[in-house]
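Working notes for the structure below.
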Amino acid sequence: MADGKRFFFPATRLILAALVAGVLAGAVAVYVSESGSGNNAPEKVAAAAGKDDTACAAKATRAKTVAAKAVGQVAALQPADPPQSLKSLAFNGPDGKPMTIADHAGKTVLLNLWATWCAPCRAEMPALDALQKEKGSKDFEVVAVNVDTGDDTKPKKFLKEIGVETLGFYRDPTIALFNEAKTRGLALGLPVTMLIDADGCLIAHMNGPAEWSGADARRLVEAALGPSS
């Protein structure tokens with residue numbers, strides 16, 4: 001009886017281990033199967049992204065021409081090398097619903113990532129608000145995306161305190177937007193600003209703050225909105 005007991009429990013554990021392994025294997029099989037479904041959606045998305053990047057890369061000369069207008073107070077702006085599609089960059093719109101840069105198709109965008117804990121970001125928000133007030137139109141928008149974690153209370157309170165009235169309240173509390181910009185080699189820290197054309201192509205970018213309410217910034221926007229040839 002003692003011998004029987006000695007071998008019963010190990011055998012039982014082996015059987016249970018086999019059952020667990022079988023369940024896990026089945027789960028993995030389902031995951032792999034489901035991940036590959038959807039009419040090859042991942043491949044189609046990758047192909048579309050590649051096509052967009054190719055179209056944007058052809059704008060290298062345009063990027064250099066526009067970035068050449070970045071002088072004085074916005075001189076830190078550098079041309080995209082090469083220009084790339086940023087259509088997939090995602091964040092929440094003023095209505096709180098998810099959106100991407102692609103939703104701004106047909107409009108040149110000055111995309112700025114900021115946070116309340118970033119002193120340089122706080123300092124440049126009034127200037128970004130002033131630029132939007134003066135140059136904002138159906139063709140141009142300053143899209144300042146707050147990346148504070150948590151709820152909207154702190155960033156909304158800050159913007160109210162400093163009198164920001166014109167900027168739309170864009171948000172990404174997940175930090176995913178900043179991380180993607182970092183992965184793309186566009187962000188070292190905050191603030192980071194990207195000039196994106198009406199086709200969703202990155203034209204120029206910079207790390208650090210700038211005086212966006214000055215004449216140099218206005219001339220840069222005018223150059224970005226000018227004819228492409």
Side-chain angles (χ1 to χ4, degrees), residues 31-32 34-64 66-67 77-115 118 121 128 132 136 138-149 152 155 167-208 220-221 224-225 228:
Y31 175 80
V32 172
E34 291 300 318
S35 298
S37 63
N39 297 318
N40 296 320
E43 287 80 358
K44 289 185 177 181
V45 170
K51 183 178 180 181
D52 288 337
D53 279 333
T54 298
C56 290
K59 300 186 179 188
T61 299
R62 170 67 175 166
K64 292 178 181 178
V66 172
L77 199 75
Q78 300 296 314
D81 185 23
Q84 58 182 284
S85 176
L86 296 185
K87 287 183 179 180
S88 64
L89 292 187
F91 42 89
N92 294 333
D95 59 1
K97 296 180 180 179
M99 67 182 306
T100 66
I101 285 295
D103 292 311
H104 286 81
K107 179 181 290 189
T108 296
V109 167
L110 188 73
L111 178 67
N112 176 272
L113 310 188
W114 69 281
C118 164
C121 301
L128 287 166
Q132 172 62 23
K138 64 180 180 63
D139 298 315
F140 174 78
E141 182 179 357
V142 176
V143 175
V145 183
N146 174 262
V147 296
D148 279 45
T149 56
D152 297 348
L167 294 175
F169 186 66
Y170 293 92
R171 276 274 281 156
D172 175 34
T174 70
I175 312 296
L177 176 58
F178 173 78
N179 285 336
E180 181 168 354
K182 186 176 180 180
T183 298
R184 290 172 177 263
L186 303 175
L188 300 176
L190 292 175
V192 57
T193 305
M194 292 163 267
L195 182 62
I196 304 168
D197 74 6
D199 296 320
C201 299
L202 175 68
I203 297 300
H205 59 98
M206 67 178 289
N207 280 269
L220 172 65
V221 172
L225 294 173
S228 58

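Predicted, not measured: the structure shown is a model, and the values here were computed from it.
- The existence of a salt bridge linking Lys59 and Asp199 is confirmed by a sub-4.0 Å separation between a basic side-chain nitrogen and an acidic carboxylate oxygen.
- Asp172 contributes a side-chain N or O that, together with a main-chain N or O of Ala176, makes up a donor-acceptor pair within less than 3.5 Å.
- No side-chain donor from either of Ser85 and Asp53 sits under 3.5 Å from a side-chain acceptor of the other.
- To the nearest 0.5 Å, atoms CD1 (Ile196) and CG (Leu86) are separated by 4.5 Å.
- Going from atom OG1 of Thr193 over to atom NE2 of His205 covers 11.5 Å, rounded to the nearest 0.5 Å.
- Between the CD atom of Gln132 and the CG atom of Asn112 there is a distance of 12.0 Å, given to the nearest 0.5 Å.
- When all heavy atoms are compared, the tightest approach of Pro83 to Ala63 is CG-CB, 3.9 Å.
- The two residues Val192 and Leu186 make their nearest non-hydrogen contact at CG2-O, 3.2 Å.
- Nearest heavy atoms, Ala67 versus Gln78: CB-C, 4.2 Å.
- Each of Asn179, Ile175, Thr174 was evaluated against Val147; a single residue qualifies, Ile175, per the side chain to side chain contact (heavy atoms under 4.5 Å, CB included) test.
- Between Ala198 and Thr108, the shortest heavy-atom distance links the atoms N-OG1, 4.0 Å.
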Step by step, would you call Ser88 with Glu180 a side chain to side chain contact (heavy atoms under 4.5 Å, CB included)?
CA-CA 10 Å; Ser88 64; Glu180 181 168 354; 3.6 Å; yes
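- Interatomic distance, CD1 of Ile203 versus CE of Met194, reported as 13.5 Å (0.5 Å rounding).
- The aromatic rings of Phe91 and Tyr170 stand perpendicular to each other, their planes meeting at an angle above 60°, with 30° marking the opposite boundary.
- When all heavy atoms of Gly200 and Ile101 are compared, the closest pair comes out as CA-CG2, 4.3 Å.
- Residue Thr100 holds its OG1 atom at 11.0 Å from CG of Leu177, rounded to the nearest 0.5 Å.
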Given side chain to side chain contact (heavy atoms under 4.5 Å, CB included), test Phe169 with Asp152 step by step and report yes or no.
CA-CA 10 Å; Phe169 186 66; Asp152 297 348; 3.7 Å; yes
Any chance you could lay out the side chain to side chain contact (heavy atoms under 4.5 Å, CB included) test for Leu110 and Val221, step after step, and finish with the verdict?
CA-CA 9 Å; Leu110 188 73; Val221 172; 5.8 Å; no
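- The distance from atom CG of Leu113 to atom CG of Asn146, rounded to the nearest 0.5 Å, is 10.0 Å.
- Contact between Lys107 and Glu141 at its shortest, heavy atoms only, is NZ-OE1, 3.4 Å.
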